[in-house]
Amino acid sequence: MNQLPNSIEARDVAFQLHAYTDARKHEANGPLVIEKGDGIYVEDNNGKRYIEGMAGLWSVAVGFGEKRLVEAAARQMEKLPFYHTFTHKTHGPSVELAEKLVSMAPVPMSKAYFTNSGSEANDTAIKLIWYRSNALGQPERKKIISRMRGYHGVTIASASLTGLPNNHRSFDLPIDRILHTSSPHYRTMKKEGETEEAFAKRCAQELEDLIIAEGPETIAAFFAEPLMGAGGVVVPPKGYWEAVQPILKKYDILFVADEVICGFGRTGNMFGTQTYKLEPDMMTLSKALSSSYMPMSALLVNEKVYGPVADESHKIGLWGHGYTASGHPVAAAVALENLKIIEERDLVGHVRDISPTFLKRLNGLAANPLVVETRGIGLIGAAELAHEAYAGTPGALGAKANAAFQEGGLISRNMLDALAFCPPLIITEQQVNEMFDIAEVGIEAVSKSL
């Protein structure tokens, strides 16, 4: 990329380290500079407009440029720009948001604790789980199970939960006491002749076998997304959750539902927990909680979790955990207004209404021979590509298609060779068709180039 010496592209390369990026490749190619957004669209510094097919990072539920969120932030910034929730201090927005989240939770919850990202919410959940085990006089009950291809964040503990190799390689992860069970991706993990229901039961049996092998008395919790997001939009096979949840109850293992991507309408219900009839003890929330206008996440815990933690904090004299910006008043005010918009405009109902068109067009991508599988629910999906010429270089074909999408005016994300679609919840039927028209042209261009 040709960059003027003082251009924003050149300055970016000179000074900023980017997430999920090949740093040396970034030095050579430079960034795409996004300057503004409006609804489902964003615009770069050259005036080119794109459909944001990933809602930023699975997160801008109400779209870009929502003035009500800007105004909510400005009002709160003028009134109380910052305060904390340490040592018995509080403020109105954090109280109101905690009450709102506990009241709208799909299963009984007792308390909300605020963090700044999904990673921090899951990291805090791990600390709470370990703290609780000690409170119950079960110091050996510290192991936590998550799943291969699951995604739970990038802090040391949450990245250990994440079941993706590139989140572990060269980071000396995962840490001790974090275990992984099989991924519930039917197409790639099934045995010959195995039905979807039989595969789901086998996944559940593998989980139980791991619990027994490690010792049930050592297993504290199981973390899982209702459907896997960053692992490739893996929709659970039929019967999966019906087989898994009784095992957790059998061995008294806490269930943590990671709702960071699924929460607030993405799957066609307010929470993925409702879509798949889950009964978690803890829920982690972020992304669409504030439409990512402000960093905000939350951990919800039920009384089974809160009670022992509260008792232990009283015994010790405090619960020694906290973030400077936990429950930040501006972020909380924005989140509250964002939830009002989602409810007032019935965006969850809108997802249900538009999902048939979304899924029809997603599944239509399979007409191209490069597409070996499509999968999705609600307003989230993926199309997975494969070609013999790229069999030895996972991700290269997906990157090629992703670049073609961007050239055509669509921002997506390839997770290896799976191309994700997760637009803002406000997308219209016409815009869904526009998005998939670009995707079809991009995949066809890649196919012809082979």
Side-chain angles (χ1 to χ4, degrees), residues 40-41 49-55 58 149 183-190 192-196 199 227-238 266-268 350-425 427-450:
I40 71 159
Y41 300 96
R49 204 176 192 214
Y50 306 83
I51 293 176
E52 225 314 343
M54 286 298 297
W58 322 85
R149 292 185 66 165
S183 164
H185 185 207
Y186 176 61
R187 183 181 66 83
T188 58
M189 303 299 291
K190 67 181 177 182
E192 187 175 351
E194 191 174 35
T195 66
E196 197 169 330
F199 169 70
L227 73 79
M228 290 180 170
V233 188
V234 177
V235 179
K238 293 175 185 174
R266 182 57 61 182
T267 64
H350 176 67
V351 170
R352 286 196 292 267
D353 290 342
I354 207 163
S355 179
T357 300
F358 175 85
L359 295 175
K360 180 181 178 182
R361 290 302 307 270
L362 172 69
N363 294 333
L365 296 178
N368 190 297
L370 279 185
V371 179
V372 293
E373 184 184 19
T374 58
R375 47 190 184 262
I377 191 172
L379 207 52
I380 181 171
E384 188 146 357
L385 311 182
H387 189 275
E388 59 185 13
Y390 288 87
T393 54
L397 185 58
K400 192 176 179 73
N402 197 44
F405 286 5
Q406 188 167 303
E407 181 67 25
L410 168 63
I411 293 177
S412 178
R413 180 179 178 184
N414 67 295
M415 298 158 295
L416 294 180
D417 294 311
L419 295 154
F421 300 90
C422 184
L425 302 186
I427 194 169
T428 66
E429 186 170 351
Q430 179 182 339
Q431 291 167 338
V432 166
N433 285 320
E434 183 184 354
M435 177 175 71
F436 283 111
D437 285 347
I438 298 171
E440 283 184 356
V441 170
I443 293 172
E444 181 62 23
V446 172
S447 181
K448 286 181 177 178
S449 75
L450 300 175

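Index from 1, following the sequence. The figures that follow rest on heavy atoms only: side chains count, while hydrogens, waters and symmetry mates do not.
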Can you tell if the side chain of [X] reaches within under 4.5 Å of the side chain of [Y], non-hydrogen atoms only?
X: Ile411; Y: Ile51; value: no
X: Met435; Y: Pro423; value: yes
X: Met228; Y: Pro184; value: yes
X: Leu362; Y: Arg375; value: no
X: Arg266; Y: Cys422; value: yes
X: Leu450; Y: Leu397; value: yes
X: Leu425; Y: His350; value: no
X: Ser355; Y: Leu379; value: no

Pairwise distance [atom1]([X]) to [atom2]([Y]) - rounded to 0.5 angstrom:
X: Arg352; Y: Thr267; atom1: CZ; atom2: OG1; answer: 9.5 Å
X: Ile354; Y: Gln430; atom1: CD1; atom2: CD; answer: 10.5 Å
X: Glu434; Y: Ile40; atom1: CD; atom2: CD1; answer: 6.0 Å
X: Leu410; Y: Ile438; atom1: CG; atom2: CD1; answer: 5.5 Å
X: Leu385; Y: Ile443; atom1: CG; atom2: CD1; answer: 5.5 Å
X: Arg413; Y: Gln406; atom1: CZ; atom2: CD; answer: 14.0 Å

Is the gap between the ring centers of Phe358 and Phe421 under 6.0 Å?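 Here the rings of Phe421 and Phe358 have centres that are no less than 6.0 Å from each other.
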Over all atoms of both residues, closest heavy-atom pair of [X] and [Y]:
X: Arg49; Y: Tyr41; answer: NH2-CD1, 3.5 Å
X: Ala386; Y: Val372; answer: CB-CG1, 3.6 Å
X: Val235; Y: Gly376; answer: CG2-N, 3.8 Å
X: Ser412; Y: Ala420; answer: OG-O, 2.5 Å
X: Leu419; Y: Ala401; answer: CD1-CB, 3.7 Å
X: Gly231; Y: Arg149; answer: O-NH2, 2.8 Å

Enclosure of Glu194 CD (heavy-atom neighbours >12, cutoff 6.0 Å):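 Atom CD in Glu194 is packed in, count exceeds 12.
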Check whether any side-chain N or O of [X] sits under 3.5 Å from a backbone N or O of [Y] as a donor-acceptor pair, and report yes or no.
X: Thr428; Y: Gln431; result: yes
X: Asp417; Y: Gly395; result: yes
X: Asn363; Y: Leu359; result: yes

For the pair Trp58 and Ile380, evaluate side chain to side chain contact (heavy atoms under 4.5 Å, CB included) and give the outcome as yes or no after the intermediate values. CA-CA 9 Å; Trp58 322 85; Ile380 181 171; 3.8 Å; yes
Sort and list the pairs that fulfil salt bridge (charged side-chain N to carboxylate O under 4.0 Å, His left out) and have at least one residue in residues 359-372, not counting sequence neighbours.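 Matches after skipping sequence neighbours: Arg361-Asp437, Arg361-Glu440.
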Does a donor on one side chain sit under 3.5 Å from an acceptor on the other, for Glu384 and His185?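 Checked: Glu384/His185 side chains show no N/O donor-acceptor pair below 3.5 Å.
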